[in-house]
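Only one structure is covered here, and it is reproduced in the block below.
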Amino acid sequence: FIDNLKLFVMKNFYAKFLNVKILTSVFFLFVSLFVYGQNEKDLWANESFGHYDMTKEVLSKRTATSKVFDKGNGSFIGHISSGPIHYMHNGEFKTIYNSIVQNNSGLYSQYAYANTTNSFKSFYSNDINNLGTITVFSSGEVLNDMKSMKMYYEKNGQLLSTVQNFGNTNPIVNNREISYPSIYGNDIDLKLTQSNLRRKMDYIINSSNAISNFPSGATHLVFEETVQLPNGWSATNQDNTILIYSASQTLMATYPKPEFYDVNPDENLKSNDPDPNKYKPMIEGEYEIVQNGQNLTIKTLVELDWLTH
(Lines give C-alpha, C1' and ligand atoms only; values in the text may rest on other atoms or scores of the structure.)
Protein backbone atom coordinates (compact mmCIF):
# COMPACT_ATOMS: atom_id res chain seq x y z
CA PHE A 1 0.00 0.00 0.00
CA ILE A 2 1.04 3.57 -0.57
CA ASP A 3 1.51 5.03 2.87
CA ASN A 4 0.66 8.67 2.31
CA LEU A 5 -1.49 9.80 -0.57
CA LYS A 6 -3.13 12.99 -1.70
CA LEU A 7 -6.04 13.07 -4.10
CA PHE A 8 -6.28 16.38 -5.94
CA VAL A 9 -9.57 17.83 -7.06
CA MET A 10 -9.30 21.41 -8.26
CA LYS A 11 -12.24 23.72 -8.72
CA ASN A 12 -11.69 26.81 -10.78
CA PHE A 13 -14.01 29.75 -10.31
CA TYR A 14 -13.82 32.20 -13.16
CA ALA A 15 -14.23 35.93 -12.75
CA LYS A 16 -13.94 39.06 -14.87
CA PHE A 17 -11.02 41.44 -14.36
CA LEU A 18 -10.21 44.59 -16.25
CA ASN A 19 -8.12 43.69 -19.31
CA VAL A 20 -8.62 39.98 -18.60
CA LYS A 21 -11.51 38.71 -20.68
CA ILE A 22 -12.49 35.46 -19.05
CA LEU A 23 -16.23 35.88 -19.02
CA THR A 24 -18.80 38.61 -19.03
CA SER A 25 -20.34 39.34 -15.65
CA VAL A 26 -21.44 42.25 -13.56
CA PHE A 27 -19.69 43.46 -10.46
CA PHE A 28 -20.47 41.75 -7.20
CA LEU A 29 -23.88 42.82 -5.98
CA PHE A 30 -23.41 42.61 -2.23
CA VAL A 31 -21.35 45.70 -1.45
CA SER A 32 -21.48 44.93 2.26
CA LEU A 33 -19.19 41.94 1.69
CA PHE A 34 -16.14 44.16 1.29
CA VAL A 35 -14.83 43.58 4.81
CA TYR A 36 -11.66 42.37 6.44
CA GLY A 37 -11.97 39.66 9.07
CA GLN A 38 -8.68 40.62 10.68
CA ASN A 39 -6.00 43.31 10.53
CA GLU A 40 -5.33 44.06 6.88
CA LYS A 41 -1.59 44.16 7.57
CA ASP A 42 -1.74 40.52 8.59
CA LEU A 43 -3.58 39.60 5.40
CA TRP A 44 -1.07 41.59 3.35
CA ALA A 45 1.87 39.76 4.94
CA ASN A 46 0.54 36.40 3.72
CA GLU A 47 0.59 37.34 0.04
CA SER A 48 3.36 37.27 -2.57
CA PHE A 49 3.71 41.07 -2.34
CA GLY A 50 3.77 41.01 1.45
CA HIS A 51 7.41 42.08 1.68
CA TYR A 52 6.50 45.52 0.31
CA ASP A 53 5.31 48.35 2.55
CA MET A 54 1.57 48.57 1.91
CA THR A 55 1.53 52.26 2.82
CA LYS A 56 3.89 53.00 -0.09
CA GLU A 57 1.63 51.56 -2.78
CA VAL A 58 0.48 53.95 -5.52
CA LEU A 59 -3.17 52.96 -5.70
CA SER A 60 -3.85 54.77 -8.96
CA LYS A 61 -1.31 52.56 -10.76
CA ARG A 62 -2.97 49.27 -9.91
CA THR A 63 -3.85 46.86 -12.71
CA ALA A 64 -5.45 43.43 -12.44
CA THR A 65 -2.04 41.79 -12.13
CA SER A 66 0.32 44.46 -10.78
CA LYS A 67 1.10 46.86 -7.96
CA VAL A 68 3.47 49.85 -7.93
CA PHE A 69 5.30 51.15 -4.86
CA ASP A 70 6.95 54.52 -4.27
CA LYS A 71 10.56 54.05 -3.14
CA GLY A 72 10.64 57.60 -1.80
CA ASN A 73 13.61 58.80 -3.87
CA GLY A 74 11.75 59.69 -7.03
CA SER A 75 11.74 56.12 -8.29
CA PHE A 76 9.19 53.31 -8.20
CA ILE A 77 9.23 49.55 -8.04
CA GLY A 78 6.61 47.24 -9.47
CA HIS A 79 5.25 43.85 -8.48
CA ILE A 80 3.84 41.90 -11.41
CA SER A 81 1.97 38.63 -10.99
CA SER A 82 1.19 35.93 -13.54
CA GLY A 83 -2.40 35.92 -12.26
CA PRO A 84 -4.79 38.53 -10.84
CA ILE A 85 -3.94 40.11 -7.50
CA HIS A 86 -6.80 42.64 -7.67
CA TYR A 87 -10.53 42.45 -8.24
CA MET A 88 -13.04 45.16 -9.09
CA HIS A 89 -15.31 46.54 -6.40
CA ASN A 90 -17.48 49.59 -7.11
CA GLY A 91 -15.26 50.49 -10.05
CA GLU A 92 -11.99 50.30 -8.09
CA PHE A 93 -9.27 47.68 -7.90
CA LYS A 94 -9.16 46.03 -4.48
CA THR A 95 -6.43 43.69 -3.27
CA ILE A 96 -7.12 39.98 -3.39
CA TYR A 97 -6.31 38.36 -0.05
CA ASN A 98 -6.46 34.58 -0.02
CA SER A 99 -6.56 34.11 3.75
CA ILE A 100 -9.55 32.31 5.22
CA VAL A 101 -10.79 34.22 8.27
CA GLN A 102 -13.72 34.31 10.66
CA ASN A 103 -16.92 35.22 8.87
CA ASN A 104 -17.74 38.78 9.93
CA SER A 105 -19.50 39.68 6.70
CA GLY A 106 -23.00 39.56 8.15
CA LEU A 107 -24.03 37.03 5.49
CA TYR A 108 -24.31 33.26 5.76
CA SER A 109 -23.81 33.45 9.51
CA GLN A 110 -24.08 29.65 9.84
CA TYR A 111 -20.74 29.48 8.02
CA ALA A 112 -18.00 30.16 10.56
CA TYR A 113 -15.23 31.06 8.11
CA ALA A 114 -15.03 33.00 4.88
CA ASN A 115 -12.89 34.57 2.21
CA THR A 116 -14.64 37.65 0.83
CA THR A 117 -11.63 39.59 -0.48
CA ASN A 118 -11.92 38.24 -4.00
CA SER A 119 -14.22 38.48 -7.00
CA PHE A 120 -15.87 35.24 -5.84
CA LYS A 121 -16.77 34.92 -2.17
CA SER A 122 -16.30 31.66 -0.28
CA PHE A 123 -17.99 30.57 2.95
CA TYR A 124 -16.88 27.52 4.95
CA SER A 125 -18.91 25.68 7.57
CA ASN A 126 -18.17 23.54 10.61
CA ASP A 127 -21.08 21.34 9.46
CA ILE A 128 -19.77 20.81 5.95
CA ASN A 129 -21.70 17.59 5.24
CA ASN A 130 -25.08 19.30 5.67
CA LEU A 131 -24.23 22.86 4.69
CA GLY A 132 -21.35 22.34 2.27
CA THR A 133 -19.45 25.40 1.10
CA ILE A 134 -20.94 28.52 -0.46
CA THR A 135 -19.49 30.33 -3.47
CA VAL A 136 -21.02 33.68 -4.43
CA PHE A 137 -20.11 34.82 -7.94
CA SER A 138 -19.72 38.42 -9.05
CA SER A 139 -23.17 38.14 -10.64
CA GLY A 140 -24.62 37.49 -7.18
CA GLU A 141 -25.55 33.89 -8.05
CA VAL A 142 -24.77 31.26 -5.43
CA LEU A 143 -23.29 27.79 -5.86
CA ASN A 144 -23.50 25.40 -2.89
CA ASP A 145 -21.06 22.50 -3.26
CA MET A 146 -19.56 19.72 -1.12
CA LYS A 147 -22.93 18.60 0.23
CA SER A 148 -23.88 15.02 1.16
CA MET A 149 -20.28 13.87 0.85
CA LYS A 150 -19.61 10.15 1.05
CA MET A 151 -17.07 7.44 0.24
CA TYR A 152 -17.57 3.86 -0.96
CA TYR A 153 -16.27 1.13 -3.28
CA GLU A 154 -17.75 -0.02 -6.57
CA LYS A 155 -17.23 -2.18 -9.64
CA ASN A 156 -18.56 -1.07 -13.02
CA GLY A 157 -20.88 1.41 -11.34
CA GLN A 158 -22.27 -1.15 -8.88
CA LEU A 159 -21.97 -0.42 -5.17
CA LEU A 160 -19.94 -3.13 -3.38
CA SER A 161 -19.59 -1.69 0.10
CA THR A 162 -21.39 0.21 2.78
CA VAL A 163 -21.43 3.97 2.29
CA GLN A 164 -19.30 6.00 4.67
CA ASN A 165 -20.81 9.43 5.26
CA PHE A 166 -18.65 12.47 5.86
CA GLY A 167 -17.81 12.76 9.55
CA ASN A 168 -18.06 16.34 10.78
CA THR A 169 -14.98 17.47 12.69
CA ASN A 170 -13.76 20.83 13.91
CA PRO A 171 -11.89 22.50 11.03
CA ILE A 172 -8.36 23.85 11.39
CA VAL A 173 -7.63 27.14 9.63
CA ASN A 174 -4.10 28.04 8.58
CA ASN A 175 -3.85 31.13 6.40
CA ARG A 176 -5.40 30.13 3.04
CA GLU A 177 -6.05 26.53 4.06
CA ILE A 178 -8.91 24.99 6.01
CA SER A 179 -8.58 21.32 6.98
CA TYR A 180 -11.16 18.84 8.20
CA PRO A 181 -9.37 15.93 9.95
CA SER A 182 -10.59 12.35 10.15
CA ILE A 183 -13.57 12.73 7.84
CA TYR A 184 -13.78 9.03 6.94
CA GLY A 185 -12.44 7.23 9.99
CA ASN A 186 -9.15 8.30 11.52
CA ASP A 187 -6.96 8.11 8.45
CA ILE A 188 -8.51 10.36 5.78
CA ASP A 189 -8.44 14.15 5.98
CA LEU A 190 -9.87 16.86 3.74
CA LYS A 191 -8.01 20.09 2.99
CA LEU A 192 -9.31 23.09 1.03
CA THR A 193 -6.90 25.71 -0.27
CA GLN A 194 -8.06 29.17 -1.36
CA SER A 195 -6.32 31.04 -4.17
CA ASN A 196 -7.08 33.96 -6.44
CA LEU A 197 -8.95 32.00 -9.14
CA ARG A 198 -9.59 28.60 -7.63
CA ARG A 199 -10.30 26.52 -4.59
CA LYS A 200 -8.33 23.26 -4.39
CA MET A 201 -9.65 20.21 -2.58
CA ASP A 202 -7.33 17.46 -1.31
CA TYR A 203 -8.37 14.16 0.14
CA ILE A 204 -5.35 12.99 2.14
CA ILE A 205 -5.05 9.27 2.89
CA ASN A 206 -2.60 9.17 5.77
CA SER A 207 -2.37 5.41 6.20
CA SER A 208 -3.03 2.22 4.29
CA ASN A 209 -5.38 1.30 7.14
CA ALA A 210 -7.96 3.58 5.55
CA ILE A 211 -8.38 1.25 2.57
CA SER A 212 -7.29 -2.09 4.00
CA ASN A 213 -10.76 -3.63 4.00
CA PHE A 214 -11.98 -2.95 0.48
CA PRO A 215 -14.35 -5.63 -0.82
CA SER A 216 -13.21 -8.37 -3.17
CA GLY A 217 -13.82 -7.47 -6.80
CA ALA A 218 -13.95 -3.73 -6.25
CA THR A 219 -12.24 -1.69 -8.95
CA HIS A 220 -12.63 1.87 -7.67
CA LEU A 221 -12.71 3.92 -4.53
CA VAL A 222 -15.34 6.61 -4.99
CA PHE A 223 -15.69 10.04 -3.39
CA GLU A 224 -19.11 11.55 -4.01
CA GLU A 225 -20.58 14.99 -3.41
CA THR A 226 -23.66 16.97 -4.39
CA VAL A 227 -23.50 20.48 -5.84
CA GLN A 228 -26.56 22.71 -5.80
CA LEU A 229 -26.39 24.89 -8.90
CA PRO A 230 -28.17 28.24 -9.36
CA ASN A 231 -31.41 28.16 -11.34
CA GLY A 232 -30.85 27.47 -15.02
CA TRP A 233 -27.21 26.43 -14.62
CA SER A 234 -25.97 23.20 -16.18
CA ALA A 235 -22.89 20.98 -16.18
CA THR A 236 -21.14 18.80 -18.74
CA ASN A 237 -18.24 16.36 -18.48
CA GLN A 238 -15.76 16.82 -21.30
CA ASP A 239 -12.74 14.51 -21.20
CA ASN A 240 -12.94 14.30 -17.39
CA THR A 241 -13.16 18.06 -16.99
CA ILE A 242 -16.45 19.29 -15.57
CA LEU A 243 -17.68 22.54 -17.11
CA ILE A 244 -20.39 24.53 -15.35
CA TYR A 245 -22.43 27.04 -17.35
CA SER A 246 -24.85 29.75 -16.34
CA ALA A 247 -28.39 30.01 -17.71
CA SER A 248 -26.99 32.16 -20.54
CA GLN A 249 -24.41 29.43 -21.35
CA THR A 250 -21.50 31.46 -19.96
CA LEU A 251 -18.71 29.31 -18.54
CA MET A 252 -18.67 30.00 -14.79
CA ALA A 253 -16.55 27.26 -13.23
CA THR A 254 -14.52 24.18 -14.07
CA TYR A 255 -13.43 21.05 -12.25
CA PRO A 256 -10.14 20.08 -13.95
CA LYS A 257 -9.15 16.43 -14.18
CA PRO A 258 -8.60 14.97 -10.71
CA GLU A 259 -5.01 14.02 -9.92
CA PHE A 260 -3.96 11.27 -7.55
CA TYR A 261 -0.40 11.10 -6.35
CA ASP A 262 1.91 9.62 -3.77
CA VAL A 263 3.46 12.43 -1.75
CA ASN A 264 6.44 10.23 -0.87
CA PRO A 265 7.15 8.15 -3.98
CA ASP A 266 9.47 5.29 -3.13
CA GLU A 267 11.92 4.25 -5.83
CA ASN A 268 12.04 0.81 -4.19
CA LEU A 269 8.42 0.29 -5.24
CA LYS A 270 9.43 0.86 -8.82
CA SER A 271 12.67 -1.13 -8.77
CA ASN A 272 11.08 -4.14 -7.06
CA ASP A 273 8.11 -4.37 -9.43
CA PRO A 274 8.35 -7.10 -12.09
CA ASP A 275 7.35 -4.42 -14.57
CA PRO A 276 8.92 -1.15 -13.25
CA ASN A 277 7.01 0.90 -15.79
CA LYS A 278 3.76 0.04 -14.02
CA TYR A 279 4.64 2.16 -11.01
CA LYS A 280 3.30 5.69 -11.45
CA PRO A 281 3.57 8.10 -8.52
CA MET A 282 0.84 10.26 -10.09
CA ILE A 283 -2.16 9.38 -12.27
CA GLU A 284 -5.23 11.23 -13.52
CA GLY A 285 -8.61 10.05 -12.32
CA GLU A 286 -12.08 10.30 -13.76
CA TYR A 287 -15.38 11.93 -13.00
CA GLU A 288 -18.93 10.73 -13.40
CA ILE A 289 -21.73 13.27 -13.11
CA VAL A 290 -25.52 13.18 -13.00
CA GLN A 291 -27.66 16.33 -12.97
CA ASN A 292 -31.19 16.19 -11.60
CA GLY A 293 -32.74 19.64 -11.78
CA GLN A 294 -30.29 21.94 -10.05
CA ASN A 295 -28.64 19.15 -8.06
CA LEU A 296 -25.41 17.89 -9.59
CA THR A 297 -23.91 14.65 -8.25
CA ILE A 298 -20.17 14.31 -8.82
CA LYS A 299 -18.34 11.01 -8.38
CA THR A 300 -14.53 11.03 -8.31
CA LEU A 301 -13.20 7.56 -9.10
CA VAL A 302 -9.81 6.27 -7.94
CA GLU A 303 -8.44 3.06 -9.46
CA LEU A 304 -7.80 0.52 -6.71
CA ASP A 305 -5.11 -1.20 -8.81
CA TRP A 306 -3.03 1.96 -8.57
CA LEU A 307 -4.03 2.83 -5.03
CA THR A 308 -2.99 -0.57 -3.68
CA HIS A 309 0.16 -0.98 -5.80
Side-chain angles (χ1 to χ4, degrees), residues 1-2 4-14 132-133 135 143 145-166 183-184 187-193 197-206 208 210-229 233-245 251-263 265 269 273 275 277-292 295-309:
F1 284 95
I2 293 174
N4 193 348
L5 175 78
K6 284 190 178 181
L7 309 180
F8 264 135
V9 180
M10 287 189 178
K11 305 177 182 182
N12 292 350
F13 297 96
Y14 288 108
T133 59
T135 303
L143 182 147
D145 67 332
M146 300 178 63
K147 300 184 68 176
S148 302
M149 299 177 72
K150 57 195 69 171
M151 184 187 84
Y152 51 89
Y153 297 92
E154 69 173 31
K155 177 182 180 180
N156 299 326
Q158 298 298 313
L159 179 68
L160 292 185
S161 69
T162 57
V163 174
Q164 289 184 257
N165 292 315
F166 189 98
I183 57 168
Y184 298 117
D187 299 309
I188 300 181
D189 302 335
L190 175 72
K191 182 174 72 174
L192 305 175
T193 305
L197 281 179
R198 67 179 57 188
R199 182 169 62 235
K200 180 164 67 80
M201 178 170 67
D202 297 333
Y203 288 103
I204 304 171
I205 301 177
N206 295 298
S208 60
I211 53 173
S212 59
N213 295 318
F214 64 89
S216 175
T219 58
H220 291 88
L221 171 66
V222 181
F223 294 98
E224 181 180 311
E225 68 169 295
T226 297
V227 181
Q228 185 174 350
L229 300 174
W233 285 33
S234 60
T236 62
N237 184 357
Q238 295 186 8
D239 192 26
N240 279 321
T241 295
I242 301 173
L243 307 177
I244 297 180
Y245 294 92
L251 180 63
M252 300 298 291
T254 68
Y255 290 55
K257 294 178 181 180
E259 296 179 348
F260 313 140
Y261 71 95
D262 181 0
V263 296
L269 287 174
D273 195 290
D275 183 355
N277 293 323
K278 285 185 177 180
Y279 175 66
K280 298 179 180 179
M282 192 277 286
I283 64 170
E284 291 182 343
E286 59 180 301
Y287 290 123
E288 292 180 0
I289 65 171
V290 175
Q291 185 170 349
N292 183 11
N295 288 324
L296 175 69
T297 299
I298 299 176
K299 294 168 59 175
T300 303
L301 282 69
V302 190
E303 291 183 6
L304 277 174
D305 279 349
W306 175 82
L307 192 61
T308 60
H309 190 281

For the residue pair E225 and F223, establish whether any side-chain heavy-atom pair is separated by less than 4.5 Å.
no

Please enumerate all residues that pass salt bridge (charged side-chain N to carboxylate O under 4.0 Å, His left out) together with K299, with sequence neighbours excluded.
E154, E288

Can you sort out the partners of Y152 under side-chain hydrogen bond (donor to acceptor under 3.5 Å, both in side chains), two or more places apart, ordered by chain and number?
E224

Tell me every residue that passes side-chain hydrogen bond (donor to acceptor under 3.5 Å, both in side chains) with N156, counting only those two or more places apart in sequence or in another chain.
none

Using the test side-chain hydrogen bond (donor to acceptor under 3.5 Å, both in side chains), find all partners of Q228 that sit at least two apart in sequence or belong to another chain.
none

Would you say I244 and W233 make side-chain contact, with heavy atoms under 4.5 Å?
yes

Nearest-0.5 Å distance that lies between atom CH2 in W306 and atom CG in D262
6.5 Å

Salt-bridge present (K191, D189; N to O < 4.0 Å):
no

What closest approach, in Å, do E286 and P258 show between heavy atoms, and which atom pair accounts for it?
N-CG, 3.8 Å

Keeping the roles fixed (side chain from N240, backbone from Y287), state whether a donor-acceptor pair exists under 3.5 Å.
yes

Residue pair I289 / T236: nearest heavy atoms and the distance that separates them:
CD1-C, 3.8 Å

Taking all heavy atoms of P215 and all of L160, pick out the closest pair and write down the distance.
CG-O, 3.5 Å

On a heavy-atom basis, the closest approach of A210 and D187 is CB-CB, 3.7 Å

For a quick test of reading the model, state the closest non-hydrogen atom pair linking G132 to K147 and the distance between them.
CA-CG, 4.0 Å

Under the rule for salt bridge (charged side-chain N to carboxylate O under 4.0 Å, His left out), what residues qualify as partners of E303, not counting sequence neighbours?
none

With a 4.5 Å cut-off on side-chain heavy atoms, are V227 and Y255 touching?
yes

Should the pair Y184 and F166 be assigned to parallel (<30°), tilted (30 to 60°) or perpendicular (>60°) ring geometry?
perpendicular

Drop me the distance from I283's CD1 to K257's NZ, to the nearest 0.5 angstrom.
12.5 Å

Residue set satisfying side chain to side chain contact (heavy atoms under 4.5 Å, CB included) with T219, at least two apart, ordered chain then number -> K155

CG/L143 to OG1/T133 distance, rounded to the nearest 0.5 angstrom?
7.5 Å

